[in-house]
Amino acid sequence: RDRKKQDKKTSSLISSIRKSIEIKEYCNMTDYERRSRSRSRDRESRPVRSFPTVTGAAVGANSILLAHQSAQDKINRELFVGNTPPGTSEMLLLQFFNAAMRRVKLCPPLASPVVQCRVSAKFAFVECATIQDANNCLNLSGIPFLGSSLKVSRPSKYNGPFVPSKTWQELTGQVIPSGVVDPSEEKLHRELFIGNTTPEMTGEMLMDFLGKAMEQVGLTILPGNPINACRVNGKFAFIELRTVKETENALNLNNIPFMGAMLRVGRPSKYNGPVTKHGNWEDILAKYMSGELVLPNQSTGGSRGSNVATQSAENVEFTSRVVELKNMLTLGDLESDEEYQEIMEDTKDECSQFGSLKSVIIPRSGPGATKIFLEYLTKEDAAKAIAGLAGRTFDGRKVLAAFFSEDKFAAKDYS
């Protein structure tokens, strides 16, 4: 214990001596030496600094910024093209736009300012080489193209500055040709009013029936159902067709019988375009049966619709007063006598609307089982029945309607 006390005293004495020596040295220093010593101590106590380095996060942020700028540049070089007619190809529209811009000197004589095109059902997008080319291309709005008047505008994603432009008519001094619909009124020219509908009629039923009727007599210009949509409202409805020409053709469906009613087909009240000459359903059927279907608004004979109708009529091998219906019944429908009588009465009520119905035969056995045979007083009435019944859906089955030999019918040969 005494030794520990002695070591502690010795250590304290040594520390006092060191402090005395430091104080003496500091007192002997010049002012410059004192300031240098103080700065040295400060540097030793400061944290070490290093130059900033580029981190991975910063590189990623720059890449995102560049990608955003590239995407925005593409949007600024793109244009929306509306009211494109069915069947428009990308190459055709691309070449047409480039030729039109060269023609009115919106680009150099040998330039191709439109570099890419994407076409959808009723519209397209074109991509220009530069933003200035896109600004110039806006002046093509209203240009006639395959019977339509194209609408050229910015896409919905565009958020750049407004660029003033003219329409094609203002730029060239031309007027919209006869038969070409202005883009702002194009939808109204594809709509028709359907009057005298009944509560039982649904939009799907009207679309299917009217579309099949148009296909049956050649009033369509493209394959498939020409009716895109139907809105039903009580005692009337509105249908929208895919083309203006098919809308004009559909006016010939006026007075067509459907589900015990004579449908009225006409333009909606908002329509303010030119009056379209057309016939009624009876006129169309008569011309269809004779193979000379030429609609009043197609008297020049250049329409594809009239050609299709003539070809359809030529494919009919013969006409008859007897109509054969298939796919309406099954053997199970004919087992019960009570159900059989109900089917017979319903068939007479439904099919008598097409004309004077002389007799109805529904064989319950043999080769004609499940078929329905309708005998009319005239061939014209039989033709109306075929046009009105063919293509209808009955219990999920599509009805087939065709002429049947009068001789075989008289001989009760229903095969």
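Just so you know, these numbers use all the heavy atoms, side chains as well, and skip hydrogens, waters and symmetry mates. Only a predicted model underlies this, so the values are computations on that prediction, with no experimental measurement involved.
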Would you check if the side chain of [X] reaches a backbone N or O of [Y] as a donor-acceptor pair within less than 3.5 Å?
X    : Y    : result
N228 : E240 : no
R321 : E375 : no
D413 : S415 : yes
N225 : K212 : no
S112 : V114 : no
N252 : W281 : no
E324 : A402 : no
N255 : M262 : no
S165 : N139 : no
K408 : Y414 : no

Could you walk me through whether D73 and R77 pass the salt bridge (Lys or Arg N to Asp or Glu O under 4.0 Å) check?
CA-CA 6 Å; D73 177 73; R77 291 186 291 107; 2.9 Å; yes
Kindly say whether the aromatic ring centers of F404 and F409 come within a distance under 6.0 Å.
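They do not qualify: ring centres at least 6.0 Å apart.
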Just wondering, do [Y] and [X] contact through their side chains at under 4.5 Å, heavy atoms?
X    : Y    : value
I256 : F209 : yes
P144 : W168 : yes
F373 : I362 : no
L206 : L263 : yes
L253 : L251 : no
V232 : I194 : no

Lys/Arg N to Asp/Glu carboxylate O, [X] vs [Y], below 4.0 Å:
X    : Y    : result
E406 : K379 : no
D333 : R364 : no
E380 : K384 : no
K245 : E248 : yes

Check the pair N249, T220 against side chain to side chain contact (heavy atoms under 4.5 Å, CB included), reporting the backbone distance first and the verdict last.
CA-CA 8 Å; N249 292 350; T220 59; over 6 Å; no
Please work out whether the ring planes of F96 and F145 are parallel, tilted or perpendicular, with thresholds of 30° and 60°.
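Geometry flag for F145 against F96: tilted rings.
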Working for side chain to side chain contact (heavy atoms under 4.5 Å, CB included), residues M91 and Q95
CA-CA 6 Å; M91 184 56 66; Q95 294 175 347; 3.5 Å; yes
Is it true that atom CD of E90 has more than 12 heavy atoms of other residues, nucleotides or ligands lying nearer than 6.0 Å?
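Counting other residues, nucleotides and ligands, CD of E90 exceeds 12 neighbours.
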Measure the [atom1]-[atom2] distance between [X] and [Y] for me, rounded to the nearest 0.5 Å.
X    : Y    : atom1 : atom2 : result
C137 : E127 : SG    : CD    : 12.0 Å
T347 : L325 : OG1   : CG    : 8.0 Å
K326 : I372 : NZ    : CD1   : 13.0 Å
L106 : L140 : CG    : CG    : 6.5 Å
D133 : L138 : CG    : CG    : 11.5 Å
L357 : E350 : CG    : CD    : 11.5 Å

Which heavy atom of [X] sits nearest a heavy atom of [Y], and at what distance?
X    : Y    : value
Q353 : A261 : OE1-N, 4.3 Å
C230 : A237 : SG-CB, 4.3 Å
A250 : V265 : O-CG1, 3.6 Å
I227 : G211 : CD1-N, 3.6 Å
S356 : D381 : N-OD2, 3.2 Å
S141 : Q169 : O-OE1, 4.2 Å

Determine whether F125 and V119 satisfy the following criterion, side chain to side chain contact (heavy atoms under 4.5 Å, CB included), listing intermediate values before the conclusion.
CA-CA 7 Å; F125 288 94; V119 174; over 6 Å; no
Is a side-chain donor-acceptor pair under 3.5 Å present for N136 with Q132?
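N136 and Q132 do have a side-chain donor-acceptor pair below 3.5 Å.
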Check the side chains of E338 and S336 for a donor-acceptor pair under 3.5 angstrom, ignoring hydrogens and angles.
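No - no donor-acceptor pair under 3.5 Å links their side chains.
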Name of the residue among Q116, R154, R118, K157 meeting side-chain contact (heavy atoms from CB on, under 4.5 Å) with E78:
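Exactly one option meets the side-chain contact (heavy atoms from CB on, under 4.5 Å) with E78, and it is R118.
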Let me see the working for T276 and R267 under side chain to side chain donor-acceptor pair (under 3.5 Å), right down to the final yes or no.
CA-CA 9 Å; T276 305; R267 296 287 191 180; 3.0 Å; yes
Ring-face cation of R264 near F193 (centre distance under 6.0 Å, axis angle within 45°)
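Because its charged atom misses either the 6.0 Å distance or the 45° angle limit, R264 does not stack over F193.
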Decide side chain to side chain donor-acceptor pair (under 3.5 Å) for S405 and D407; before the verdict, give the C-alpha distance in whole Å, the side-chain angles of both, and the deciding distance to 0.1 Å.
CA-CA 5 Å; S405 169; D407 295 336; 4.7 Å; no
Show the numbers, then the answer: is there a side chain to side chain contact (heavy atoms under 4.5 Å, CB included) between F403 and I386?
CA-CA 8 Å; F403 291 112; I386 290 177; 3.5 Å; yes
